[in-house]
Novice: 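Structure incoming, see below.
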There are 2 protein chains.
Amino acid sequence: MASAEMQSQDRVASPRLSADRVREILIVDDHPLMCDALALTLKISFGLRNVRTARSLAAAQEQIRNQGAPDAVILDLNLPDARGAEGLVTLRRQIPDVPITMISADLENAMISAAMAAGAQGYISKSLGREALVDSLRRMWEGERVTPDSYQPEHAGEEDAARAELARRFATLTPQQMKILRLICQGKANKEISYELSIAEATVKTHITAIMSKINARRRTQAVLLANSVRLFEPA
Amino acid sequence: MASAEMQSQDRVASPRLSADRVREILIVDDHPLMCDALALTLKISFGLRNVRTARSLAAAQEQIRNQGAPDAVILDLNLPDARGAEGLVTLRRQIPDVPITMISADLENAMISAAMAAGAQGYISKSLGREALVDSLRRMWEGERVTPDSYQPEHAGEEDAARAELARRFATLTPQQMKILRLICQGKANKEISYELSIAEATVKTHITAIMSKINARRRTQAVLLANSVRLFEPA
DNA sequence: TGCGGCTACGACTTCGGTTGTATTGGCCGA
DNA sequence: TCGGCCAATACAACCGAAGTCGTAGCCGCA
């Protein structure tokens with residue numbers, strides 16, 4: 001676990017933003033414990049007195065209507081009433097000028113780029129330590145767009161693309177090959193498969209070789225894992 | 001959001017257990033903020049002085065070796081070095097008589113039943129409020145097995161009994177066997193495994209034979225499927 | 001008629017799994 | 001404290017299963 005787990009993205013000139021001007025913040029998270037922990041950390045580290053919290057997107061919106069806009073928002077990515085980037089988009093419509101930091105346990109590349117594309121000021125992991133967290137927030141409130149170290153913007157969607165490519169490869173399997181793969185994914189041996197399909201074991205092996213070459217696997221266990229990764233055959 | 005989100009499962013007679021006897025607990029979670037929040041809550045609500053924390057399964061194990069066993073454990077389901085039920089199984093080997101509470105944001109039915117089958121004292125959601133959390137823990141420490149309201153063990157008929165039995169079998173795996181099984185479930189060949197663990201391929205094979213005899217599998221692909229069926233190792 | 005994809009088979013090589021055995025370290029009772 | 005014992009780990013030799021390669025029949029189509 002590194003101490004400063006954040007990388008600088010780009011330092012935009014944002015005259016309106018400054019960590020000093022952040023006096024009141026709003027935390028939107030449905031985990032009460034996490035809310036408390038965040039609030040406490042912020043109070044101590046930034047000397048903030050006004051830390052507001054909300055348990056849902058709807059509650060946050062109403063609170064902003066009633067009590068006015070905060071100087072910054074920390075928004076959980078997985079709220080009961082707004083999973084994903086939806087909550088971010090909604091909130092930004094209401095308070096376009098307030099920096100919104102996304103927070104989540106999820107470090108998937110696709111998720112981060114979606115959030116950043118939707119206008120988040122930054123994205124921090126729930127597994128960050130106190131110091132790194134505080135540092136990241138400070139930088140965000142000074143106008144920097146901050147993403148986790150692990151985030152590779154250029155590879156965004158790459159794993160998704162790989163998944164799609166994999167699915168395409170599975171689509172090239174012939175009917176017989178598909179039958180055989182299904183049986184493989186049930187843990188059957190070649191001999192059993194040959195019996196069920198009434199063909200020679202040698203033939204089964206040939207098909208398996210073809211299958212594995214198509215989906216780029218070397219061992220049959222890998223074939224099983226790949227098939228499961230695209231949910232080729234759903235549970236028995 | 002209900003206030004008391006827990007349901008009673010069954011009140012087992014457990015003379016050794018009593019909430020009063022819980023004086024020292026260990027929290028295993030890789031989210032520092034969550035750790036703090038939990039620790040603080042417990043200190044306040046139970047008047048506990050000794051709340052130990054660990055950031056990973058390995059750290060927890062070492063701490064237990066060095067400082068002895070705590071009276072109770074709260075274990076995150078998604079640790080960097082042990083996703084899924086694996087961590088629970090491993091810890092229970094080390095401290096079989098200490099009640100272990102699983103905690104996770106994930107409320108999937110299958111996940112919960114996997115954890116309970118693997119011998120957890122209870123399962124609580126990270127989105128629980130303080131009161132409900134404290135109440136649930138107290139009941140667990142008195143011997144009750146507590147699961148979230150949303151959990152429906154109903155389709156936990158025979159199929160779940162089989163699952164529980166399976167989980168118990170996985171729990172008998174030795175550390176080395178567990179390592180090897182994890183690598184098998186990543187699609188690795190025996191030779192690769194032997195290299196990674198710096199042992200002879202022959203040894204790997206011996207362990208595999210032992211593993212398969214314990215979980216009642218004949219082929220390694222079946223071992224992978226069985227491990228996945230109890231969510232022993234969660235996806236990377 | 002010839003070409004390419006699907007299916008089928010056998011011979012050969014490599015890998016996976018079984019069995020038998022040795023070594024170590026912890027635990028328990030004499 | 002010392003054997004004795006068991007569990008865990010380690011290795012090699014053997015054999016059956018898995019996977020590779022070369023080949024062939026059978027379509028449908030140009």
Side-chain angles (χ1 to χ4, degrees), chain A residues 168-228, chain B residues 58 61-62 64-66 68-69 86 89-97 168-228:
Chain A
R168 231 172 293 126
R169 286 166 182 271
F170 275 113
T172 70
L173 294 184
T174 69
Q176 192 76 325
Q177 287 168 359
M178 196 61 91
K179 280 188 208 166
I180 289 177
L181 181 57
R182 182 186 295 113
L183 294 170
I184 287 179
C185 288
Q186 287 166 14
K188 312 227 167 170
N190 292 345
K191 207 187 282 184
E192 297 175 293
I193 297 174
S194 73
Y195 179 74
E196 281 200 36
L197 300 182
S198 302
I199 55 179
E201 192 183 343
T203 310
V204 173
K205 291 178 179 179
T206 311
H207 282 301
I208 293 179
T209 300
I211 292 170
M212 299 211 294
S213 133
K214 281 181 180 176
I215 66 175
N216 214 24
R218 316 255 139 131
R219 286 166 273 296
R220 77 165 35 204
T221 46
Q222 289 181 336
V224 173
L225 295 170
L226 288 174
N228 284 340
Chain B
Q61 289 186 283
E62 195 186 332
I64 291 174
R65 269 194 301 276
N66 293 337
E86 184 197 358
V89 167
T90 309
L91 261 194
R92 269 180 65 81
R93 274 187 75 78
Q94 198 175 358
I95 44 173
D97 295 328
R168 231 170 295 126
R169 287 165 182 271
F170 275 113
T172 70
L173 294 184
T174 69
Q176 192 77 325
Q177 286 167 1
M178 195 63 89
K179 279 190 209 166
I180 289 177
L181 181 57
R182 183 194 293 113
L183 295 171
I184 288 179
C185 288
Q186 287 167 14
K188 312 227 170 174
N190 292 344
K191 206 187 284 185
E192 296 174 292
I193 296 174
S194 73
Y195 180 74
E196 282 200 35
L197 299 183
S198 302
I199 56 180
E201 192 183 344
T203 309
V204 174
K205 291 179 179 180
T206 311
H207 283 300
I208 292 179
T209 300
I211 293 170
M212 300 210 293
S213 130
K214 282 181 181 175
I215 65 175
N216 214 21
R218 316 248 145 131
R219 287 166 270 298
R220 71 163 42 199
T221 46
Q222 290 180 337
V224 172
L225 295 170
L226 289 174
N228 285 339

Novice: For A:Lys191 and A:Ala202, take the nucleotide of DNA chain D holding the closest heavy atom to each; which residue's nucleotide lies nearer the 5' end?
Specialist: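 Residue closer to the 5' terminus by nearest nucleotide: A:Lys191.
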
Novice: Measure from CZ on A:Arg218 to C1' on C:dT14 and round the result to the nearest Å.
Specialist: 15 Å

Novice: Distance under 4.0 Å to a non-hydrogen atom of chain B counts as contact; along DNA chain D, which nucleotides mark the start and end?
Specialist: D:dA8 to D:dA12

Novice: State which of C:dT18, C:dT7, C:dC9 makes the closest approach to the side chain of A:Pro175.
Specialist: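 Of the options given, the side chain of A:Pro175 lies nearest C:dT7.
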
Novice: Pick base, sugar-phosphate or nothing for B:Ala189, based on heavy-atom distances below 4.0 Å to the nucleic acid.
Specialist: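 Result for B:Ala189 = sugar-phosphate.
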
Novice: Is B:Asn190 near enough to C:dC15 that one of its side-chain N or O atoms lies under 4.0 angstrom from OP1 or OP2?
Specialist: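 So the side-chain polar atoms of B:Asn190 never come under 4.0 Å of the phosphate oxygens OP1 or OP2 of C:dC15.
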
Novice: What pair of heavy atoms forms the shortest contact from A:Arg218 to A:Met212, and how long is it?
Specialist: O-CE, 3.4 Å

Novice: Over all heavy atoms of both residues, which pair between A:Leu181 and A:Ala223 is shortest? Give the atoms and the distance, please.
Specialist: CD1-CB, 4.4 Å

Novice: Any chance you could measure B:Glu201, atom CD, to B:Asn190, atom CG, to the nearest 0.5 Å?
Specialist: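 Between atom CD of B:Glu201 and atom CG of B:Asn190 there are 5.5 Å.
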
Novice: Would you mind classifying the nucleic acid contact of A:Glu201 as base, sugar-phosphate or nothing, using non-hydrogen atoms under 4.0 angstrom?
Specialist: sugar-phosphate

Novice: Please assess A:Arg219 against B:Glu192 for the test salt bridge (Lys or Arg N to Asp or Glu O under 4.0 Å), listing each intermediate value before the final yes or no.
Specialist: CA-CA 12 Å; A:Arg219 286 166 273 296; B:Glu192 296 174 292; 2.9 Å; yes

Novice: Is any side-chain N or O of A:Thr203 closer than 4.0 Å to OP1 or OP2 of C:dT7?
Specialist: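 False: A:Thr203 side-chain N/O out of range (4.0 Å or more) of C:dT7 OP1/OP2.
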
Novice: Tell me which nucleotide among C:dC6, C:dA8, C:dT18 gets nearest to the side chain of A:Thr174.
Specialist: C:dC6

Novice: Looking at B:Leu225, B:Ile180, B:Val224, B:Leu226, which hits side chain to side chain contact (heavy atoms under 4.5 Å, CB included) with B:Cys185?
Specialist: B:Val224

